[in-house]
Every structure is written in C-alpha cells, then in structure tokens.
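Data block below; observations after.
One-based numbering along the sequence shown. Nothing here was measured: the structure is a model prediction, and the numbers come from that model.
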Amino acid sequence: MVRIESHFVKKVLFSISLLLIATVWTKAQAQDTLKIVAFGNSTTAPRKAVSKVYAVRLQDTLSHLGITARVINAGVPGSHSGSVKDNNLHKVAHGMDRFEKDVLANVPNWLVISFGINDAWQDNGKQSPSRLSIEQYCNNLSYFIAQARKSKIRSILMTPNPIGKKYESWRHKRIKKYMRVTKRLAKQQEIPLVDVWALFYKNTNHQSNGVDALLLDGMHPNDAGQKIMSDTLIKIINQQK
C-alpha cells in the first residue's frame, strides 16, 4: 500500500514538474516576442484599397530583420480618442471606451497612438465645434500615455496626417491645431513622435498634386503614405529596443 502511494506521489510530482517547465518555457517565448499595438482610427485600420497598412508593414519588416514580433491592429474607422458619451456619430467604440481591452489587456512592449482627424472634425460647418475639443483630445492622449507608462509600455505618438485639396481650407486649419497639440504633448511627455504631417509634406514637396499623392481619397493614406509611417516607426523602435 505504501509503495503504491509512493509511486502515485512520484507521478503527480513529475506531472507538476512538466507543467512548471512548460509554463516557464511559454513565458520565456512570450518575453522574446516584441508586441506592438497600433491604436487609432481609420488611418490605422485595415482598408480594402490599401495593400498593406502600416501595422502590417511593421510586422513584415520586423520579421525580415529577424525580430520575432506581433503587431496588433487596433484601428477602428470613425473612432476618436474619447468615448461614446463625448460624440457617437459613427456608433463605434472610441479610444477611451476600448483602451483597456485593446491595449492594456494585450500587454504590449510598444503602443502607437494615432488619433486626431475624427477628434478635430466639424460636422456642421465652419462655425461648428469639433467632435472633441482640443482640451479633451489632449487629456485623452495624456491618459493613454500615463496608463501605458504605469504598465511599463512605451508609447509613440503619431500626428494626424494632412488632408487633401478636396476638403475646405478651414478643415485643414482645424486639424493642424490638433497636430500641433500632438507634437507639443510628445515633447512634454518625452516620448517619440512620428510627425506624419511634416513627413507627408516633405515627401511630396516637388509633386504637383502635393500631399494628395500619398492619400487615397483626400484623407486616408495610400500604400506609399503607409510605408512612410511604417519606415519611421521602425527607425524609432530599432533605436530604442
């Protein structure tokens, strides 16, 4: 009877040992995988007319460099940085609504934050307010950065991209204000910035159609625009990994 019990205990201990080894191995593998969340709106989200959005390009480039990585695309069309309580025109979950699920729950190494156009947009003409005020926008981005920092997640801010000639100049000017706030916040928070606004103008300086060369429809970056965004992100991540 004693021998049977002793044999049973040995089997249990052996099984527990295997389980512990498997757990340690799984954790080691997870730690070796660079995880990035691309958190934003329709300029981040997959798009039928775009072959590879910047999140996909980022994944491909990291793999090509021999870096084991997982890039999670948390871009939602129509999303602004706030919540449904602030403005729910598009009936989607917005940045504050989904931050915990899309970002914190995934426990990434890097968080790429890209909002602005939907926040700035004026639905009822030149004299109407933006969907979210500049103060709300800035506070929301600050919240994302602070919560990420608490969880030891490194953040990268991206400015909104400029819009094309089909849109009114006053819309362009309004989004530009949100772009400037984004740049200022990155400097204050001492985190990396992808100045998409400046990059798009720089790369189309000598083209007759200007930034529209990098846009599908006057608003959403095409493949060339997405490549510029991805290439800049790769440089930042490589410098600070």
- Message: For residues Val194 and Leu215: do they belong to one hydrophobic cluster (side chain heavy atoms under 4.5 Å, members Ile, Leu, Val, Met, Phe, Trp, Tyr)?
- Response: yes
- Query: Any luck finding a side-chain donor-acceptor pair between Ser81 and His94 under 3.5 Å?
  - Reply: no
- Message: Can a donor-acceptor pair be found, under 3.5 Å and without considering hydrogens, that links the side chain of Asn109 to the backbone of Lys35?
- Response: yes
- Give the minimum heavy-atom separation between Ala213 and Gln207, together with the two atoms involved. CB-OE1, 3.1 Å
- Positive for salt bridge (Lys or Arg N to Asp or Glu O under 4.0 Å) with Arg131, one of Asp119, Asp86, Asp123: Asp123
- Message: Between Asp195 and Lys183, does any side-chain N to carboxylate O distance fall below 4.0 Å?
- Response: yes
- Test salt bridge (charged side-chain N to carboxylate O under 4.0 Å, His left out) on Asp231 and Arg57 and set out the steps. CA-CA 8 Å; Asp231 288 349; Arg57 291 177 180 277; over 6 Å; no
- Query: With a distance cut-off below 6.0 Å to the six-membered ring centre and an angular limit of 45° from the axis, does Arg171 pair with Trp121 as a cation-pi contact?
  - Reply: yes
- Task: Could you check Met179 against Lys176 for side-chain contact (heavy atoms from CB on, under 4.5 Å), going step by step and ending with a plain yes or no?
- Result: CA-CA 5 Å; Met179 174 274 291; Lys176 190 174 184 178; 3.7 Å; yes
- Message: For Phe115 together with Tyr137, are the ring centres under 6.0 Å from each other?
- Response: no
- Message: I'd like to know whether the aromatic ring centres of Trp197 and Tyr178 sit less than 6.0 Å apart in this structure.
- Response: no
- Message: Rounded at 0.5 Å granularity, tell me how far CG in Leu157 sits from OG1 in Thr182.
- Response: 6.5 Å
- Query: Any side-chain heavy atom of Leu58 sitting closer than 4.5 Å to one from Met229?
  - Reply: no
- Gln147 CD to Ser155 OG distance, which is reported to the nearest 0.5 Å: 10.5 Å
- Message: Looking only at side-chain N and O atoms, does Ser130 offer a donor or acceptor that is under 3.5 Å from a partner on Arg174?
- Response: yes
- Item | Minimum heavy-atom distance between Asn161 and Ile175, given as atom pair plus value | O-CG2, 4.3 Å
- Task: To the nearest 0.5 Å, tell me how far Asn87 CG sits from Gln136 CD.
- Result: 9.5 Å
For residues 100-108, dump all side-chain donor-acceptor pairs below 3.5 Å to protein atoms at least two apart in sequence or in another chain.
unit_1, atom_1, unit_2, atom_2, d
Asp102, OD2, Arg98, NH1, 2.8
Asn106, ND2, Asp102, O, 2.8

- Task: Could you walk me through whether Gln59 and Arg70 pass the side chain to side chain donor-acceptor pair (under 3.5 Å) test, one step at a time?
- Result: CA-CA 7 Å; Gln59 176 80 64; Arg70 181 185 173 205; over 6 Å; no
- Message: Donor-acceptor check, side chain of Ser42 to backbone of Ala45, threshold 3.5 angstrom: yes or no?
- Response: no
